[in-house]
Each structure stands twice: as C-alpha cells, then as structure tokens.
Amino acid sequence: MKPTRFSPLEANSTSYYGLLGLFALFVLIALAAAHHMESEGHYVTGMTNQIVWGTPHIFAVFLIVAASGALNVASIGTVFGVQDYKPLSRLSALLAIALLVGGLSILVLDLGRPDRLIVAMTYYNFKSIFAWNIFLYTGFLVIVAVYLWTMMEGRFNRYSKYTGYTAFIWRLILTTGTGSIFGFLVARQAYDAAIMAPIVVMSFSFGLAVFILVLMAAYKWSNRPLGDVILLRLKNLLGVFIGAVMYFVLAYHLTNLYVTENHGVEEFILLGGNVYTMVFWFGQILLGSLAPLALLYLPQTGKSRTAIVLASILVILGGFAQLYVIIIGGQAYPLNLFPGMEESSSFFDGVVASYTPSIYEFLLGLGGIAIAMVILTFGLAILSFLPESLSDSIMRESPAKSAKAAG
C-alpha cells in the first residue's frame, strides 16, 4: 500500500457552515427540551416510577456502545495488523470520541439535576456498576485521545501500536461494563443474566454501520475517491457482526427459556402480541438483521453502494429497536417475586407497566446525536483525519481483486 496522505475537509463553503448550523440548531432544541424537563419535572415525559429509563437512555446507550464499535475499525488496523484499515484509524478514533460524548451528554441532561453529577464524581460506591462506568467512560476518552495523538504526531508513531492495544482492551471492558448495568440488575426479570455483558457485542455492528455512513458521506461531500476494495471489506465485516449479534440474541433467549421462572418474560417479549413483540420481530429481527444481511450478501445488491447505505441505516434502526426491547420492555415486565403465584398491591406489583415517550425525550436524544455530529464535523475541518484518497489503486489489492475480496 502506498503512503497515505491526510488533509482536513474544506470548511470555507456555505454548505459546510449550513450543515454545522443545522446540527447546532438541534443541540439548542435539545437543551431547551432538557431545560423544560428540569423546570417542570419528569412528569412531562413518559417515564414513571416503573419505567425510570426512557427514550433518552435508548439514545444514550446506543451512542455509547456505537462509540466502542466505531473504534473497532482502528483496532483492526493497529491490533490485528490489517494494513487496509490503517488509513481509517484516525476517523475511527474521532468518531468514537464524538459518539461517546454525545451519549454521555444525554445522560447528564436527563438527570433532572445535572449538578448531581458532581456528587457522582466525588463520592464513589464501588458496589455500583454506575460508579465503575464513570472511570470506564472518562478513561476511554483519555486513552483514545492519546491514541489519536500518537497516530497524528510523527515523533510518537512508534507508540501508536501500544496505545492501540490499550484502547482495544479498554473498549472491550467499557462495553462489558455497559452490558453489566443490566446483567447485575436483579430487580428486573428480563435482566439479571451473565450473558447481558457479552451481548453488547452489538456495539460492533452499531458502530460499524455508523462508521460506514460517515465515511461514505464525508467522501461524497469532499469529492474524494472511495474505492470498492475498502468499502466491500467493510460491508462484509458488517455482515459478520450482524450474524454475531443474532447469535447472542438467540443464546440469550434460549438460556432464558431453559429456566422456568423466565418463561413469563420470554412469552411477554416473544409472543405477547404487544408493542415489544412487534418491535422485536419486525424492528430488530426482520428489518434490523435479516434485511441488512440480504442487502449485503445477495448477488443483486451485494456490490451496490445504495444497498450498503440502506443496510447500514437498517442496522442502526434495528439497534434502536433492540435497545427499546431491552431497556423499556425489560422494565415494563414485573419482577416475578413469587413464582407460580399472582401478586397484587398498591405498588403495581405483578402489573405490566405502560410507557409512552414524549416529544421532549426524542428531542433530547436527537440532541445527543447532533452533539456527536458537531464534534465530528468540526474535527474533520480543523485537523487531518481523512485520507485524501481511498481509491482501489492505492490500496494493497488491485481493483481486479476487489470482486474476489467482496465474495
């Protein structure tokens, strides 16, 4: 492979400032929504004492796990030594930082009292997975920033492999910690399972789908060459990650079905005929998994860039559907306090909780995405994160071999 030349995006056009302004507008709208929820109270949202994690948390968790997955592209180049991915490492690291900051911004603004974050950062209960995650998230930001520095500063390039290994290990710990939030939670019937930690392998597919869309948009926007070799490699990798997520979802539900006490929650999710059943089968499985796999691997669509874009979008939408089932559906189903018996009390024991998200929750969630895009758009314009060309001629393989690589 020829040496890679990097350069920033052109930032002196009206269209660039218009795009940046659009993202900034969404951020301001999200801040207004957060201010309204803080001033009026969370009763203006769809969240209740039963559903305490709502739509903002779906957006936040998606962005956090996608941040880990976005860094996977850099890890493949640095840790596993795949040369074709190394030119993408800078963009991968920048996107990881942007997505994580966007996700954490949602969590901070959804606290109701953002100043309480000071308490969480100064007094630690190390029996709580949330206290662990404060170190995991901030550590991830620092490590990836150092990783970027070693890649972009020629004097320290020799250390990029070591920082890349550290970032790779840390991102695995981060996603495990995020999954453990649910795995350690014994008060919800759908949670409290060891497999909830590795099931966050979904970060691989979420992050890569976002990365593919960002990569294609950036190169289309700047009129830079993006060849088939690297794009087809990425889409094949996305297909593998989709299959891996489906495997863990299958393992999760099969292990739950093996235990009698979980039959109720499994019936509620898989066969309940409710909104969670519809979202699971049609949103997560059909549109978010099977349809992208078909688009990526069928001979008629496997090499189409439009199909790759559509598959990536469907993976992202399927990711939101999956998190909706896990987060909202997991809270809606009541804890089985007395197996084989019915419970009834004034505290909603034994009652399936209802939840209808409000517009303020959606606006806050979209604001987190906008914050990530502002960081990404601004970063691409001020520093050299993008290779000037990813054409087939400068990649390790020749264009004639691209079809074979895609197969």
Side-chain angles (χ1 to χ4, degrees), residues 1-7 66-99 143-144 146-152 157-172 175 201 203-219 224-244 296 303 305 308 311-312 315 376 379-380 383-399 401-407:
M1 183 186 297
K2 297 179 181 179
T4 304
R5 293 174 57 88
F6 294 87
S7 64
S68 172
L71 190 65
N72 197 58
V73 176
S75 298
I76 292 174
T78 301
V79 178
F80 298 100
V82 181
Q83 296 296 320
D84 288 350
Y85 287 87
K86 286 190 174 181
L88 304 175
S89 296
R90 297 185 184 186
L91 177 61
S92 172
L94 174 64
L95 181 59
I97 291 175
L99 292 173
I143 291 171
V144 176
V146 174
Y147 181 31
L148 258 177
W149 182 41
T150 58
M151 285 190 290
M152 300 180 72
N157 283 167
R158 62 184 182 275
Y159 299 113
S160 63
K161 187 170 185 177
Y162 303 107
T163 54
Y165 271 98
T166 305
F168 174 71
I169 295 172
W170 198 271
R171 62 173 288 269
L172 292 179
T175 49
V201 70
S203 68
F204 289 0
S205 62
F206 299 173
L208 184 56
V210 174
F211 181 86
I212 289 174
L213 292 178
V214 167
L215 179 70
M216 296 181 71
Y219 275 75
R224 302 187 186 201
L226 177 61
D228 289 337
V229 169
I230 190 63
L231 192 58
L232 294 181
R233 282 181 177 271
L234 289 172
K235 75 96 179 177
N236 283 341
L237 187 62
L238 179 61
V240 172
F241 289 158
I242 294 171
L296 294 174
K303 298 177 184 178
R305 298 198 174 203
I308 294 173
S312 300
V315 168
L376 177 68
L380 290 176
L383 292 175
S384 300
F385 289 103
L386 281 180
E388 293 183 354
S389 174
L390 288 174
S391 63
D392 292 333
S393 61
I394 70 167
M395 302 306 290
R396 187 174 57 187
E397 295 185 8
S398 65
K401 295 182 180 180
S402 63
K404 183 177 180 181

(message) Can you confirm whether F6 is buried at CZ, in the sense that more than 12 heavy atoms of other residues, nucleotides or ligands lie under 6.0 Å from that atom?
(response) yes
(message) Are L231 and M216 packed together at the side-chain level, in the sense that at least one heavy-atom pair is separated by less than 4.5 angstrom?
(response) yes
(message) So T175 and V201, do their side chains get closer than 4.5 Å, heavy atoms only?
(response) no
(request) Please lay out, stage by stage, how L296 and I242 fare under the test side chain to side chain contact (heavy atoms under 4.5 Å, CB included). (result) CA-CA 11 Å; L296 294 174; I242 294 171; 4.0 Å; yes
(message) I'd like to check S160 versus K86 (side-chain heavy atoms, cut-off strictly below 4.5 Å). Are they in contact?
(response) no
(request) State, with a plain yes or no, whether a side-chain heavy atom of L91 is found less than 4.5 Å away from one of L376. (result) yes
(request) Give the ring-plane orientation class for F80 versus F168, where under 30° counts as parallel, over 60° as perpendicular and anything between as tilted. (result) perpendicular
(message) Do V73 and L95 have side chains that approach each other closer than 4.5 Å (heavy atoms only, starting at C-beta)?
(response) no
(request) Kindly indicate whether the side chain of D228, heavy atoms from C-beta on, has any atom under 4.5 Å from the side chain of R305. (result) yes
(request) Check whether any side-chain heavy atom of N72 lies under 4.5 Å from a side-chain heavy atom of R171, and answer yes or no. (result) yes
(request) Quickly, which of L215, L386, I76 forms a side chain to side chain contact (heavy atoms under 4.5 Å, CB included) with L88? Name it, please. (result) L215
(message) Side chains of Y85 and S92 only: does a donor on one sit below 3.5 Å from an acceptor on the other?
(response) no
(request) Answer yes or no: is there a side-chain heavy-atom contact under 4.5 Å between P387 and R224? (result) no
